[in-house]
*Asks:* 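The following block contains the structure, expressed as C-alpha coordinates.
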Amino acid sequence: MTCREIALEFVRCFCAGDVKGLAGLLADDLRFSGPLHEFNSRDAYMASLNRDPPTASGCEVLSVTEGQGSVSVYYRYGTLTVAQLFRCKGARIGETLVVFDARGLGTDSRL
(Lines give C-alpha, C1' and ligand atoms only; values in the text may rest on other atoms or scores of the structure.)
Protein backbone atom coordinates (compact mmCIF):
# COMPACT_ATOMS: atom_id res chain seq x y z
CA MET A 1 0.00 0.00 0.00
CA THR A 2 1.08 3.58 -0.58
CA CYS A 3 1.40 6.06 2.29
CA ARG A 4 -1.85 7.68 1.08
CA GLU A 5 -3.67 4.34 1.19
CA ILE A 6 -2.26 3.55 4.64
CA ALA A 7 -3.31 6.97 5.99
CA LEU A 8 -6.83 6.67 4.59
CA GLU A 9 -7.14 3.14 5.97
CA PHE A 10 -6.08 4.45 9.39
CA VAL A 11 -8.77 7.14 9.26
CA ARG A 12 -11.37 4.59 8.12
CA CYS A 13 -10.48 2.14 10.91
CA PHE A 14 -10.34 4.85 13.58
CA CYS A 15 -13.70 6.32 12.61
CA ALA A 16 -15.24 2.83 12.54
CA GLY A 17 -13.87 2.03 16.01
CA ASP A 18 -11.78 -0.81 14.50
CA VAL A 19 -8.87 -0.93 16.97
CA LYS A 20 -7.62 -4.29 15.65
CA GLY A 21 -7.47 -2.87 12.13
CA LEU A 22 -5.27 0.00 13.33
CA ALA A 23 -2.59 -2.21 14.88
CA GLY A 24 -1.36 -3.62 11.57
CA LEU A 25 -0.92 -0.14 10.11
CA LEU A 26 1.52 1.09 12.76
CA ALA A 27 5.29 0.69 13.05
CA ASP A 28 6.58 -0.76 16.33
CA ASP A 29 8.39 2.51 17.11
CA LEU A 30 5.41 4.73 16.24
CA ARG A 31 5.63 8.31 17.43
CA PHE A 32 2.17 9.74 18.13
CA SER A 33 1.56 13.33 19.12
CA GLY A 34 -1.78 15.01 19.70
CA PRO A 35 -3.43 17.66 21.84
CA LEU A 36 -4.23 15.19 24.61
CA HIS A 37 -1.59 12.43 24.42
CA GLU A 38 1.87 11.50 23.23
CA PHE A 39 3.15 7.96 22.70
CA ASN A 40 6.54 6.61 21.63
CA SER A 41 5.51 3.11 20.58
CA ARG A 42 2.72 1.24 18.87
CA ASP A 43 2.20 -0.80 22.04
CA ALA A 44 1.65 2.30 24.21
CA TYR A 45 -0.77 3.82 21.69
CA MET A 46 -2.67 0.55 21.25
CA ALA A 47 -2.91 0.05 25.04
CA SER A 48 -4.56 3.46 25.28
CA LEU A 49 -7.00 2.64 22.48
CA ASN A 50 -7.82 -0.75 24.00
CA ARG A 51 -8.61 0.92 27.35
CA ASP A 52 -10.73 3.60 25.72
CA PRO A 53 -11.60 2.64 22.13
CA PRO A 54 -12.78 5.20 19.61
CA THR A 55 -16.53 5.39 19.14
CA ALA A 56 -17.72 4.31 15.74
CA SER A 57 -18.82 7.59 14.23
CA GLY A 58 -19.44 9.19 10.92
CA CYS A 59 -16.34 10.05 8.94
CA GLU A 60 -16.05 12.46 6.05
CA VAL A 61 -12.69 12.98 4.39
CA LEU A 62 -12.42 16.66 3.50
CA SER A 63 -8.95 16.81 1.97
CA VAL A 64 -5.86 14.69 1.35
CA THR A 65 -2.50 16.34 0.67
CA GLU A 66 0.63 14.37 -0.18
CA GLY A 67 4.20 15.46 0.43
CA GLN A 68 7.61 13.84 0.37
CA GLY A 69 7.02 10.71 2.48
CA SER A 70 3.97 12.15 4.24
CA VAL A 71 0.23 12.51 3.86
CA SER A 72 -2.10 14.98 5.57
CA VAL A 73 -5.74 14.05 5.94
CA TYR A 74 -8.40 16.50 7.04
CA TYR A 75 -11.62 14.80 8.11
CA ARG A 76 -14.74 15.07 10.20
CA TYR A 77 -15.03 12.53 12.97
CA GLY A 78 -18.45 12.96 14.52
CA THR A 79 -18.59 16.67 15.39
CA LEU A 80 -14.80 17.20 15.32
CA THR A 81 -12.81 18.46 12.38
CA VAL A 82 -9.42 16.74 12.55
CA ALA A 83 -6.13 17.38 10.75
CA GLN A 84 -3.74 14.45 10.87
CA LEU A 85 -0.25 14.20 9.41
CA PHE A 86 1.11 10.74 8.67
CA ARG A 87 4.75 9.90 7.96
CA CYS A 88 5.22 6.40 6.67
CA LYS A 89 8.08 4.07 7.38
CA GLY A 90 7.98 1.38 4.75
CA ALA A 91 4.46 0.00 4.65
CA ARG A 92 3.49 1.31 8.10
CA ILE A 93 2.87 4.59 9.88
CA GLY A 94 6.02 5.68 11.70
CA GLU A 95 4.81 9.03 12.95
CA THR A 96 1.51 10.83 13.22
CA LEU A 97 0.53 14.26 14.44
CA VAL A 98 -3.13 14.96 15.26
CA VAL A 99 -4.53 18.47 15.53
CA PHE A 100 -8.08 19.40 16.54
CA ASP A 101 -9.91 21.82 18.78
CA ALA A 102 -10.39 19.87 22.02
CA ARG A 103 -12.80 22.33 23.63
CA GLY A 104 -16.05 20.66 24.53
CA LEU A 105 -14.67 17.13 24.42
CA GLY A 106 -15.03 16.58 28.15
CA THR A 107 -13.51 13.20 28.95
CA ASP A 108 -13.55 11.93 25.35
CA SER A 109 -9.80 11.63 24.77
CA ARG A 110 -9.39 8.80 22.28
CA LEU A 111 -7.70 10.85 19.55
Side-chain angles (χ1 to χ4, degrees):
M1 288 198 305
T2 67
C3 192
R4 178 190 178 101
E5 292 167 332
I6 294 166
L8 289 171
E9 181 65 8
F10 178 97
V11 170
R12 186 198 68 73
C13 288
F14 189 91
C15 291
D18 180 7
V19 174
K20 287 182 182 179
L22 292 172
L25 301 172
L26 307 173
D28 290 342
D29 59 348
L30 170 76
R31 289 187 348 203
F32 174 97
S33 182
L36 303 173
H37 300 287
E38 287 191 16
F39 302 100
N40 289 310
S41 72
R42 177 184 63 199
D43 291 345
Y45 180 59
M46 292 306 300
S48 176
L49 290 179
N50 284 319
R51 279 190 306 274
D52 190 13
T55 303
S57 184
C59 184
E60 177 188 1
V61 173
L62 303 172
S63 175
V64 179
T65 304
E66 296 181 69
Q68 191 77 4
S70 67
V71 175
S72 295
V73 182
Y74 294 82
Y75 59 98
R76 285 200 183 97
Y77 169 63
T79 60
L80 292 176
T81 299
V82 179
Q84 191 158 2
L85 173 67
F86 298 90
R87 288 198 174 100
C88 292
K89 191 175 185 179
R92 297 186 188 246
I93 297 165
E95 182 179 356
T96 186
L97 168 65
V98 179
V99 180
F100 64 92
D101 184 352
R103 289 178 292 185
L105 270 183
T107 60
D108 189 352
S109 61
R110 291 178 284 274
L111 285 176

*Asks:* Looking only at non-hydrogen atoms, find the nearest pair between Ala16 and Ala56 and report the distance.
*Replies:* O-CB, 3.4 Å
*Asks:* Considering only heavy atoms from C-beta outward, does the side chain of Val73 approach that of Val71 to under 4.5 Å?
*Replies:* yes
*Asks:* If you take all heavy atoms of Ile6 and Ala91, which pair is closest and at what distance?
*Replies:* CD1-O, 3.2 Å
*Asks:* Taking all heavy atoms of Ala23 and all of Met46, pick out the closest pair and write down the distance.
*Replies:* CB-CE, 3.8 Å
*Asks:* Would Phe100 and Leu36 count as a side chain to side chain contact (heavy atoms under 4.5 Å, CB included) here? Give the steps.
*Replies:* CA-CA 10 Å; Phe100 64 92; Leu36 303 173; 4.1 Å; yes
*Asks:* Kindly state each residue pair satisfying salt bridge (charged side-chain N to carboxylate O under 4.0 Å, His left out) with at least one member in residues 85-99, sequence neighbours excluded.
*Replies:* Asp29-Lys89, Arg31-Glu95, Arg87-Glu95
*Asks:* Show your working on side chain to side chain contact (heavy atoms under 4.5 Å, CB included) between Thr96 and Gln84 and close with a plain yes or no.
*Replies:* CA-CA 7 Å; Thr96 186; Gln84 191 158 2; 2.9 Å; yes
*Asks:* Side-chain heavy atoms nearer than 4.5 Å, only ILVMFWY residues, links allowed to pass through others: does that put Tyr45 and Val98 together?
*Replies:* yes
*Asks:* Sequence neighbours excluded, which residues qualify as side-chain hydrogen bond (donor to acceptor under 3.5 Å, both in side chains) partners of Glu38?
*Replies:* none
*Asks:* Applying side chain to side chain contact (heavy atoms under 4.5 Å, CB included), name anything that partners Ser41, two or more places apart in sequence or on another chain.
*Replies:* Asp43, Ala44
*Asks:* Would you mind listing every salt bridge (charged side-chain N to carboxylate O under 4.0 Å, His left out) that reaches into residues 11-26, with sequence neighbours excluded?
*Replies:* Glu9-Arg12
*Asks:* Measure up the Phe32 and Phe39 rings against each other and bin them: parallel (under 30°), tilted (30 to 60°), perpendicular (over 60°).
*Replies:* tilted
*Asks:* Which residue pairs pass the disulfide bond (SG atoms under 2.5 Å apart) test with at least one member in residues 45-89, sequence neighbours excluded?
*Replies:* Cys3-Cys88
*Asks:* Residues in ring-ring contact (aromatic ring centres under 6.0 Å, His included) with Phe10, at least two apart?
*Replies:* Phe86
*Asks:* Do you reckon Leu80 sits in the same ILVMFWY cluster as Phe14, going by side-chain contacts under 4.5 Å, direct or chained?
*Replies:* yes
*Asks:* Mind listing the closest non-hydrogen atom pair of Leu22 and Leu26 along with its distance?
*Replies:* O-CG, 3.4 Å
*Asks:* Transitively linked via ILVMFWY side-chain contacts under 4.5 Å: Leu8 with Ile93?
*Replies:* yes
*Asks:* Which residues pass the side chain to side chain contact (heavy atoms under 4.5 Å, CB included) test with Ser63, not counting sequence neighbours?
*Replies:* Thr65, Tyr74
*Asks:* Quick check on the hydrophobic clustering: are Val64 and Leu97 connected, directly or via other members, by side-chain heavy-atom contacts under 4.5 Å?
*Replies:* no
*Asks:* Answer yes or no: is there a side-chain heavy-atom contact under 4.5 Å between Asn50 and Val19?
*Replies:* yes
*Asks:* What pairs of residues pass the salt bridge (charged side-chain N to carboxylate O under 4.0 Å, His left out) test when at least one of them lies in residues 72-85, not counting sequence neighbours?
*Replies:* Glu60-Arg76
*Asks:* Would you call Tyr77 and Val11 a side-chain contact if the rule is heavy atoms closer than 4.5 Å?
*Replies:* no
*Asks:* Strictly by salt bridge (charged side-chain N to carboxylate O under 4.0 Å, His left out), give each pair with a member in residues 65-74 just once, sequence neighbours left out.
*Replies:* Arg4-Glu66
